[in-house]
Chemist: 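Got a structure for you, written out below as structure tokens; questions coming shortly.
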Amino acid sequence: MFNVYPINPVTIARAEGSTVWDENGTEYLDLYGGHAVISIGHTHPHYVKRITEQLAKIGFYSNSVEMPLQRELAGLLGEISGKADYQLFLCNSGAEANENALKLASFHNGRRKIIAFKGAFHGRTSLAVSATDNRKIVAPVNETDNVVFLPFNDVDALEQAFDEYGKEVSSVIVEGIQGVGGIRVASDEFLKKIRGLTSAYGAVFIADSVQCGYGRSGRFYSHDHADVQADIYSMAKGMGNGFPIGAISISPAIKPWFGMLGTTFGGNHLACAAALAVLEVVKEEGLMARAEQIGNYLMTELRKFPVIRDVRGRGLMIGIELPEELGPVRRDLLTKNRIFTGEAKPNIIRLLPALTLTRDQADRFLEALDERLKDY
Ligand SMILES: Cc1ncc(COP(=O)(O)O)c(C=O)c1O
């Protein structure tokens, strides 16, 4: 293996809901879900059934035949996201979704310049842009002349940029809640300003919902909290609950033509079955409301810990900023309390659990955190 991932010395052998077991049968609480991927819980019975039944019929055929499953998915996504008139293009990952969004914007308005924001992460392909200022990213992907990185949540900087070169801007891409960049919520004012300026200058508003979307924030897209409509929403992670699938949802104002975008694997039968199962469970079990409720509970309780510097996020996308010297708490939660969490920076714990997380599981985490913080 090309050694690029720091590995926890745990082999997961079985999983159910927010619980996973290692090969020795030791139980862990999973509050990370493989980077926000596990949205409806591990091995949800409806999900397993739908994929298994689909696999027994047909797993793959290319995008050259009628695909009723894709239409069904487009319909249900449109309904649940409240954007029934938007068009769907399916691909395989978050970076690919953003790459297609940026490309589509450029086809649409014939321009090249992209505005992104400091701390953003949009993927690792040549078009997708990354500006996480907490990581040393030196690959050339973020060095192109066409990408400008402005300060996040800075309305004045945005206005100034549009004053200077607004007519050259093809798209503005923004996460509703920056994930890799440290769980930073975009302000309503900021998102509204992006909407206003992109509309005024004929630029495309791309809402990167790869990590913060799919109901995790309590609304389908986290940008919805600001009451704005983007032109393109990109999504992936929670969309397939572990089956690789990504997509962009595209405003009816952007018109397609044959050959404009394309993919080999995107929208295959198995991926569609997985994505449909996820949406059906989100709807049936009211998971968006639940994410908001359990998320609010967690954040309220976390804010009561005097030692925690900041608690940020929405719904079940939560960042817990600790003083720098408490960085090892995250590791201790895993080794001593058997709880998986993620990190945004060494002192920021990132919680991205399944939207099915129960109150008891939230309490288990709060008790464990209390115990660990007393060690320091
Ligand atoms: C906001 C955001 N956009 C895009 C991506 C890239 O997604 P993928 O790893 O599926 O290519 C990520 C991944 O972490 C992300 O958090």
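Atom set for the values below is all heavy atoms of this structure, side chains included, hydrogens, waters and symmetry mates excluded. Both counts, for ligands and for their atoms, begin at 1 and track the order of listing. Everything quoted here is computed from the prediction, not taken from an experiment.
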Chemist: Is the ring pair F117/F190 parallel, tilted or perpendicular, if the boundaries are 30 and 60 degrees?
Modeler: perpendicular
Chemist: Write down the atom of R314, the atom of I177, and the distance for their closest heavy-atom approach.
Modeler: CB-CD1, 3.7 Å
Chemist: Are the charged groups of E53 and K49 less than 4.0 angstrom apart, N to O?
Modeler: yes
Chemist: Which donor-acceptor pairs under 3.5 Å do side chains of residues 67-82 form with protein atoms, sequence neighbours excluded?
Modeler:
| unit_1 | atom_1 | unit_2 | atom_2 | d |
| --- | --- | --- | --- | --- |
| Q70 | NE2 | N63 | OD1 | 2.9 |
| Q70 | NE2 | G267 | O | 2.8 |
| E72 | OE2 | R50 | NH2 | 3.2 |
| E79 | OE2 | K283 | NZ | 2.8 |
| S81 | OG | L77 | O | 2.6 |

Chemist: Does ligand 1 have an atom under 4.0 Å from some heavy atom of Q178?
Modeler: no
Chemist: Under 3.5 Å between any N/O of A236 and any N/O of ligand 1: does that happen in this structure?
Modeler: no
Chemist: Would you mind running through ligand 1 and noting each atom that sits below 4.0 Å from a heavy atom of N98?
Modeler: 3 (N), 4 (C)
Chemist: Give the numbers and elements of all ligand 1 atoms closer than 4.0 Å to a heavy atom of V210.
Modeler: 2 (C), 3 (N), 4 (C), 5 (C), 7 (O), 12 (C), 15 (C)
Chemist: On a heavy-atom basis, which atom in N98 and which in S234 lie closest, and how many Å separate them?
Modeler: OD1-OG, 2.6 Å
Chemist: Could you tell me whether ligand 1 has any atom less than 4.0 Å away from a heavy atom of E175?
Modeler: yes
Chemist: Give yes if a backbone or side-chain nitrogen or oxygen of V180 is under 3.5 Å from a nitrogen or oxygen of ligand 1, and no if not.
Modeler: no
Chemist: Which residue and atom name correspond to the protein heavy atom nearest atom 3 (N) of ligand 1, and how close is it?
Modeler: D208 OD2, 2.9 Å
Chemist: Looking only at distances, can you tell me whether any N or O atom of F121, backbone or side chain, sits closer than 3.5 Å to an N or O atom of ligand 1?
Modeler: yes
Chemist: To the nearest 0.1 Å, how far is atom 11 (O) of ligand 1 from its closest protein heavy atom, and which atom is that?
Modeler: A95 N, 2.8 Å
Chemist: Quick one: does ligand 1 sit under 4.0 Å from the side chain of K237, the backbone, both or neither, non-hydrogen atoms only?
Modeler: side chain
Chemist: Between E285 and R290, does at least one N-O distance fall below 4.0 Å, as a salt bridge requires?
Modeler: no
Chemist: Consider every N or O of Q211 and every N or O of ligand 1, then say whether any pair is closer than 3.5 Å.
Modeler: yes
Chemist: Is the closest protein non-hydrogen atom to atom 14 (O) of ligand 1 under 4.0 Å?
Modeler: yes
Chemist: Can you sort out which atoms of ligand 1 are near S93, meaning under 4.0 Å from one of its heavy atoms?
Modeler: 10 (O), 11 (O)
Chemist: Considering non-hydrogen atoms of the protein only, which is the closest contact for atom 10 (O) of ligand 1, and what is the distance?
Modeler: G94 N, 2.8 Å
Chemist: Closer than 4.0 Å to some heavy atom of H122 - which atoms of ligand 1 meet that?
Modeler: 3 (N), 4 (C)
Chemist: Restricting to non-hydrogen atoms, name the atom on L88 and the atom on A247 that form the minimum distance, rounded to 0.1 Å.
Modeler: CD1-CB, 3.8 Å
Chemist: Using a strict cut-off of less than 4.0 Å between a Lys/Arg side-chain nitrogen and an Asp/Glu carboxylate oxygen, indicate whether K192 and E189 qualify as a salt bridge.
Modeler: no
Chemist: Thinking salt bridges, do D360 and R364 make one under a 4.0 Å N-O criterion?
Modeler: no
Chemist: Please could you name the atoms of ligand 1 that G123 approaches to less than 4.0 Å, counting only its heavy atoms?
Modeler: 4 (C), 6 (C)
Chemist: Does one hydrophobic cluster hold both V329 and L352, with members joined at side-chain heavy-atom distances below 4.5 Å?
Modeler: no
